Amino acid sequence: MFMGNMLRMVLALCVLSSVVVTSSAQTCRNQTFSNRLFTTCRDLPQLTAYLHWTYDQGSGKLEIAFVHAGITSTNRWVAWAINPRNTLDPAMIGAQALVAIPQSNGGPRVYTSSIASTSTQLEESEISYPVSGLSATYVNNEVTIFATLTLPNDTTSLVHVWQDGSVSGSTPQEHSHETSHQNSKETLNLLSGSSTQVTGNSRQRRRNTHGVINAVSWGILMPTGAIIARYLKVFKSADPAWFYLHITCQASAYIVGISGFGTGLKLGSDSEGVEYDTHRAIAIVLVCLGTLQVFALFLRPNKDHKFRVYWNAYHYLVGYATISLSIANVFKGFDTLENYVGDRYNDWKHAYIGIIGALGGIAVFLEVITWIIVLKRRKSENKLPHGENGVNGYGSRP
């Protein structure tokens, strides 16, 4: 009996505490502003933020109040922005931002900033939308930005992004790259209040796939195939295995690289506003050079043919040009990413540098070994009696 009463009391306390927690949880609907009323509000899915707005489609007037909770010190900045390109990835590039920085003496500093790249420090500048009534408050660890923007008359939805970060002196610093910050963006329907949130970021997965495929094919397999051809054929026991290894490595790199080239074209067409002209131009040249090498294989003369020396010169020239451009374009891809998503891929870049450095070290080591073997062969063949050397007899030519 006693245990039953205790159990009922515990259950009642649990229910009561859950009701209290639920009722005390902040939502946009229990937020109020003095002398300001908004027709619609939304609890934003990341960073404890809320958006209130009133929109008149006829005039394009959008009156907003953006609330960001959890700002416990004045060395933080808060921003809410609209991306006129209407793209979620990257959502920050080209965004037109309203920025607020709490001050220790007085109200927050509030201004507009047009974001051109990921290296921005949110410098004060004009934005592409007319803005009026821009102000901000900082009360109870909440920063609230008020403004009225004038959008194009036919606007029904927009891509908006919100962030916060640290301040050094008076200069905003880069925001965190945690998942909550990466996903603080969505497409918002101003009329219905519905939104399309970023979940999983499929374009980032495609970007990762594109990078891995091309780095492995053009950037690793191609140089490896060249190392095999240049150094293994010196060893008599490796003939003709080196040739088949070389062909397998280069053919695999070409086939996989073509698929990576295709993913790059698709990714580029879906990334409006991203400048990658040089990266794409080098990729097109690489595909052309790789295709020439494939067709040249079918036109290869026999070893004793008088044109074989010219074919070899062509093969080496095009091959080394392809490898040089491949490695350069992998780094160009990393540079393009850095311009639009920051240093998120620095670990990948350092890993690739390590792999290329290792291949370079192996090539230098094998170059030394190769010359030692060749010089020893020349020395031993020079000691053979006339008629037994590599020209008239059965010795091997270096």
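All values reported here derive from a predicted model rather than from experimental measurement.
- Less than 6.0 angstrom separates the ring centroid of H160 from the ring centroid of W162.
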List the steps and the verdict of side-chain contact (heavy atoms from CB on, under 4.5 Å) for I220 and I355.
-> CA-CA 8 Å; I220 297 176; I355 293 171; 3.9 Å; yes
For the pair E126 and S114, evaluate side-chain hydrogen bond (donor to acceptor under 3.5 Å, both in side chains) and give the outcome as yes or no after the intermediate values.
-> CA-CA 7 Å; E126 293 186 359; S114 181; over 6 Å; no
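- Under 4.0 Å is where a charged nitrogen must lie from a carboxylate oxygen, and between D56 and K61 no such pair does.
- Side-chain contact, Q31 with H52: a donor N or O sits under 3.5 Å from an acceptor N or O.
- In this structure, the side chain of Y138 does not engage the main chain of S104 through any donor-acceptor pair within 3.5 Å.
- Residue G219 comes nearest to Y352 through the heavy atom pair O-OH, 3.0 Å, listed as atom of the first residue, atom of the second, then distance.
- Shown here for N83 and M92, the closest heavy-atom pair between the two residues is ND2-N, 4.2 Å.
- Side chains of H279 and N329: a donor-acceptor N/O pair is present below 3.5 angstrom, by distance only.
- Residues F146 and F66 place their aromatic rings such that the two centres sit no closer than 6.0 Å.
- Residues forming a disulfide bond (SG atoms under 2.5 Å apart) with C249 (at least two apart in sequence, or on another chain): none.
- In this structure, V256 belongs to a hydrophobic cluster whose other members, linked by side-chain heavy atoms under 4.5 Å apart, are I213.
- Of the possible polar contacts, one joining the T112 side chain to the S125 backbone as a donor-acceptor pair under 3.5 Å is found.
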